[in-house]
Amino acid sequence: MPTVLLVDDSPVVRRVLARRLESEGFDVREEGSAAAARGVDAASLDCAIIDVELADGFGGDVAAELRGRRPSLPIAFFTAGAGAPLVEQARAHGPVFTKPDVEAIVAWVTSAPAGAPQPPPTK
C-alpha cells in the first residue's frame with residue numbers, strides 16, 4: 001500500500017484528507033507540525049502533501065529537507081490563503097492546491113508515479 005505523508009496543523013483538514021486518501025487505498029502518515037514532519041523517514045514515503053503555512057514553519061522548508069534525504073520524492077502543497085510569495089516558493093518544489101479542493105489533491109496523489117517529481121498542474 002503506497003504511503004502518503006500528510007502535514008497540516010489543522011486536525012480537521014488532516015482528518016478529512018486522510019480519510020479520503022485511505023478510501024482510495026493509501027496508507028496515510030499524518031503529522032501536525034513542521035518539526036514532526038522533519039522526523040519522518042523520507043525513504044518510507046511514496047509522496048507528501050504539505051500545508052504551505054504551518055504554525056511552526058514553512059512547508060517549502062519541510063519539502064527541501066525531505067528532498068535532501070530523497071531527491072525524487074513527489075511533493076505537493078495546499079493552502080487556504082498563503083500569500084503569493086510563499087506560494088511561489090512552494091511551487092519550486094511541487095504543485096500547490098487550494099483548500100478545500102480535496103479531489104484535486106487525491107487526483108494528484110493517485111496519478112503521481114512513486115519517486116518522480118511532478119510538474120505544477122495547469123489551471
Q: Closer than 3.5 angstrom, by distance alone: can the side chain of R69 be matched with the main-chain N or O of V40 as a donor-acceptor pair?
A: yes
Q: Under 4.0 Å between a Lys/Arg side-chain N and an Asp/Glu carboxylate O for R14 and D9?
A: no
Q: Side-chain atoms of residues 52-62: list all donor-acceptor pairs with protein atoms under 3.5 Å, sequence neighbours left out, distances to 0.1 Å.
A:
from: D56; atom 1: OD1; to: A34; atom 2: N; distance (Å): 2.7
from: D56; atom 1: OD2; to: A34; atom 2: N; distance (Å): 3.3
from: D56; atom 1: OD2; to: A35; atom 2: N; distance (Å): 3.0

Q: Keeping the roles fixed (side chain from R67, backbone from S72), state whether a donor-acceptor pair exists under 3.5 Å.
A: no
Q: How many angstroms lie between atom CG of D27 and atom CG of L5, to the nearest 0.5 angstrom?
A: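 So the CG of D27 and the CG of L5 are separated by 11.0 Å.
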Q: Write down the atom of F78, the atom of L6, and the distance for their closest heavy-atom approach.
A: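 Reported closest heavy-atom pair: CZ-CD1, 3.8 Å.
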Q: For a quick test of reading the model, state the closest non-hydrogen atom pair linking A76 to F97 and the distance between them.
A: CB-CE1, 3.9 Å
Q: Please give me the minimum heavy-atom distance between V7 and S33, naming the atom from each residue.
A: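 For V7 and S33, the tightest heavy-atom pair comes out as CG1-O, 3.8 Å.
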Q: Check H93 against Q89 and note the closest heavy-atom contact, atom names and distance.
A: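 Closest heavy-atom pair between H93 and Q89: CD2-O, 3.7 Å.
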Q: How close do A90 and F77 get, heavy atom to heavy atom, and via which atoms?
A: O-CE1, 3.2 Å
Q: Between R15 and E30, is there a side-chain N and carboxylate O pair less than 4.0 Å apart?
A: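 Salt bridge between R15 and E30, a charged N being under 4.0 Å from a carboxylate O: no.
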Q: Is D51 salt-bridged to K99, cutoff N-O under 4.0 Å?
A: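 Looking at K99 together with D51, the answer is yes, because their closest N to O distance falls below 4.0 Å.
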Q: Please name all residues satisfying side chain to side chain donor-acceptor pair (under 3.5 Å) with R29, sequence neighbours left out, ordered by chain then number.
A: E31
Q: Looking at R19 and E22, is any side-chain nitrogen of the basic one under 4.0 Å from a carboxylate oxygen of the acidic one?
A: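 R19 and E22: not salt-bridged.
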